[in-house]
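Written out below as structure tokens is the structure these notes cover.
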Amino acid sequence: MVLFVAGVVFSYLLLLFFPILAWQQMPFASAEKYEGKVSVIIPFRNEEANLKRLVEALKVQTYPWFEVLFVNDHSTDDSLNVLRQLVEKDITFSFSIISLEETQGKKAAITAGIAQASGEIIVTTDADCWFHENWLLVMTSGFNNSQTQMITGPVVLEGGSFFQKLQRIEFGAVLASSAALIGLGKPTMANGANLAYRKMVFTEVEGFTGIEQTPSGDDELLMMKIAKKYPNGVVFAKNPDSVVHTLAHTNWVDFVQQRKRWASKWKVGMRWSTILSALFVYSVQIALVGLVLLFLIGKVSLVSLAGLWLIKVVLELQLIRNYFRDLKQAYSFFHFLLLQTFYPFYVLYVGLASNFGRFQWKERSFKI
């Protein structure tokens, strides 16, 4: 048992070198202007409090050739009226406001937007986000390479509370690893808050056909379809100006609902790469907890326990520090250290919870 637990942890520590090196070797995305029209599609549902900040960020974009398609997914608040008032004056871009009628959900909203889009490049973000003035410029620059079919970008969680700062670290680690895997040619995760792809490739892979089983998955499940057809067609926009910002959750309940929604996507398509990755991550967290238990019963020495944990902390810190530094984003070392103490328990809980029951999203309930 001791050898097995130590072996799993040691394997994880060795594998950490790959994302660290992959991120360091990944070139920064250029800001060379893409000479083509871009359609930004923004689904929204009950976002009246966030639309002003979003529209202000869109108004100052330096990329000249873009349109915005706002797609209303049956909002029950005053989002539609708020948006109409915001776009009545001083708008620097062309736009359309679409309201879903017979369909619902984020995938339906994006599909409806793409159906009316005139751009050759589709960019998606969320209504509760904001970004740098060069965001579109950097997120579309990679399409100057004809082989590039999809570009994923960084998303940074914001907020001043203790809990929000923990989420910033945790989510940063996830995206740093995901970006590194894209750099290694093994894309596994994307975030729809910062995503771009050719309209043509969306049509080629038949959009969201075959991945309708989950309300989520408009990002990574679509990415997997594109990567299957174009193995070298997915890249990551590593650039401080490509960062999209959004507020982290303010309470545990909403946070868990979001993580359950994300984790529930693994069942769709039953991709072996995703399943094996998830099982390995889960096994590592069990092994880390097991290592502590073995120490408590005298099977592992304090020196061995402390040594393995110290190596783990140093390697994970290297990945997270490089990620935030290269994107010119701050992070809290204190919150990073604190996260080390209970992260394995959090992963074990969410991993189990995401296989049972239901989750809430946008005032709608979905069965896992």
Side-chain angles (χ1 to χ4, degrees), residues 1-27 152 154 166 169-190 220 223-224 227 231-232 234-236 238 262-263 266 271-297 299-327 331 333 335-351:
M1 176 61 76
V2 175
L3 290 177
F4 174 77
V5 169
V8 171
V9 174
F10 192 68
S11 298
Y12 168 69
L13 298 179
L14 288 177
L15 288 174
L16 269 176
F17 282 100
F18 289 97
I20 291 171
L21 294 174
W23 176 261
Q24 290 177 338
Q25 294 172 1
M26 183 184 296
T152 74
L166 285 176
I169 298 293
E170 183 263 346
F171 192 55
V174 171
L175 284 192
S177 301
S178 302
L181 287 171
I182 289 175
L184 290 168
K186 303 293 182 182
T188 57
M189 180 180 170
E220 69 180 68
M223 180 187 70
M224 297 307 294
N232 299 313
V234 180
V235 300
F236 184 84
K238 178 183 176 181
W262 289 353
W266 76 272
R271 295 159 289 148
W272 281 109
S273 59
T274 303
I275 294 172
L276 291 175
S277 297
L279 289 175
F280 178 71
V281 170
Y282 208 70
S283 298
V284 169
Q285 308 313 316
I286 293 175
L288 289 171
V289 175
L291 202 60
V292 175
L293 294 176
L294 288 171
F295 163 72
L296 293 176
I297 62 175
K299 297 295 185 180
V300 172
S301 69
L302 178 60
V303 172
S304 298
L305 175 65
L308 288 173
W309 272 92
L310 180 60
I311 295 172
K312 173 182 178 294
V313 168
V314 169
L315 291 176
E316 291 180 348
L317 178 61
Q318 179 75 2
L319 177 62
I320 289 172
R321 185 185 69 87
N322 290 348
Y323 176 78
F324 282 109
R325 179 201 62 198
D326 290 345
L327 297 178
Y331 77 97
F333 179 67
H335 289 83
F336 165 78
L337 287 180
L338 191 62
L339 196 62
Q340 295 286 324
T341 61
F342 60 82
Y343 185 75
F345 301 98
Y346 147 73
V347 172
L348 296 178
Y349 169 74
V350 173

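Since the model is a prediction, treat every value here as computed from it, not as a measurement.
- With values rounded to the nearest 0.5 angstrom, Tyr323 atom OH is found 15.5 Å from Gln24 atom CD.
- Minimum heavy-atom separation, Leu348 to Val289: CD1-CG2, 4.1 Å.
- Thr152 is not listed as a side-chain neighbour of Met189, based on a closest heavy-atom distance of 4.5 Å or more.
- Taking CE of Met223 as the reference point, atom OG1 of Thr188 lies at 6.0 Å (rounded to 0.5 Å).
- Residues Leu288 and Tyr343 have side chains not in contact (no heavy-atom distance under 4.5 Å, counting atoms from C-beta outward).
- Shown here are the side chain to side chain contact (heavy atoms under 4.5 Å, CB included) partners of Leu13, two or more places apart in sequence or in another chain: Val9, Leu16, Leu308, Ile311, Lys312, Leu315.
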request  = Please lay out, stage by stage, how Tyr346 and Tyr349 fare under the test ring-ring contact (aromatic ring centres under 6.0 Å, His included).
outcome  = CA-CA 5 Å; Tyr346 147 73; Tyr349 169 74; 8.2 Å; no
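- The stretch residues 175-185 participates, sequence neighbours left out, in no side-chain hydrogen bond (donor to acceptor under 3.5 Å, both in side chains) pair at all.
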request  = Dump the intermediate steps for side-chain contact (heavy atoms from CB on, under 4.5 Å) on Leu327 and Phe324, then the final yes or no.
outcome  = CA-CA 5 Å; Leu327 297 178; Phe324 282 109; over 6 Å; no
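- One finds the CG atom of Leu15 at 11.0 Å from the CD1 atom of Ile20 (value rounded to the nearest 0.5 Å).
- Every residue meeting the side chain to side chain contact (heavy atoms under 4.5 Å, CB included) condition with Leu337, not counting sequence neighbours, appears here in chain and number order: Val313, Phe333.
- Side-chain contact check for Phe236 versus Pro154: some heavy-atom pair is nearer than 4.5 Å.
- Residue Ala180 comes nearest to Ala22 through the heavy atom pair O-CB, 3.6 Å, listed as atom of the first residue, atom of the second, then distance.
- In this structure, CG in Leu184 is found 12.5 Å from CH2 in Trp23, a value given to the nearest 0.5 Å.
- Nearest heavy-atom pair, Arg321 versus Tyr331, reported as atom, atom and distance to 0.1 Å: CG-OH, 3.4 Å.
- Residues passing the ring pair (Phe, Tyr, Trp, His ring centres under 6.0 Å) test with Tyr12: none are found, sequence neighbours excluded.
- Atoms NE2 and CD, from His335 and Gln340 in turn, are 14.0 Å apart once rounded to the nearest 0.5 Å.
- Every residue was checked against the side chain to side chain contact (heavy atoms under 4.5 Å, CB included) condition with Asn232, not counting sequence neighbours, and none meets it.
- In Phe345, the CZ atom is not crowded: 12 or fewer heavy atoms of neighbouring residues, nucleotides or ligands sit closer than 6.0 Å.
- Among residues two or more places apart in sequence or in another chain, the side chain to side chain contact (heavy atoms under 4.5 Å, CB included) test is passed with Ala173 by Ile320.
- If you take CG on Leu319 and CZ on Phe18, they are separated by 14.0 Å, rounding to the nearest 0.5 Å.
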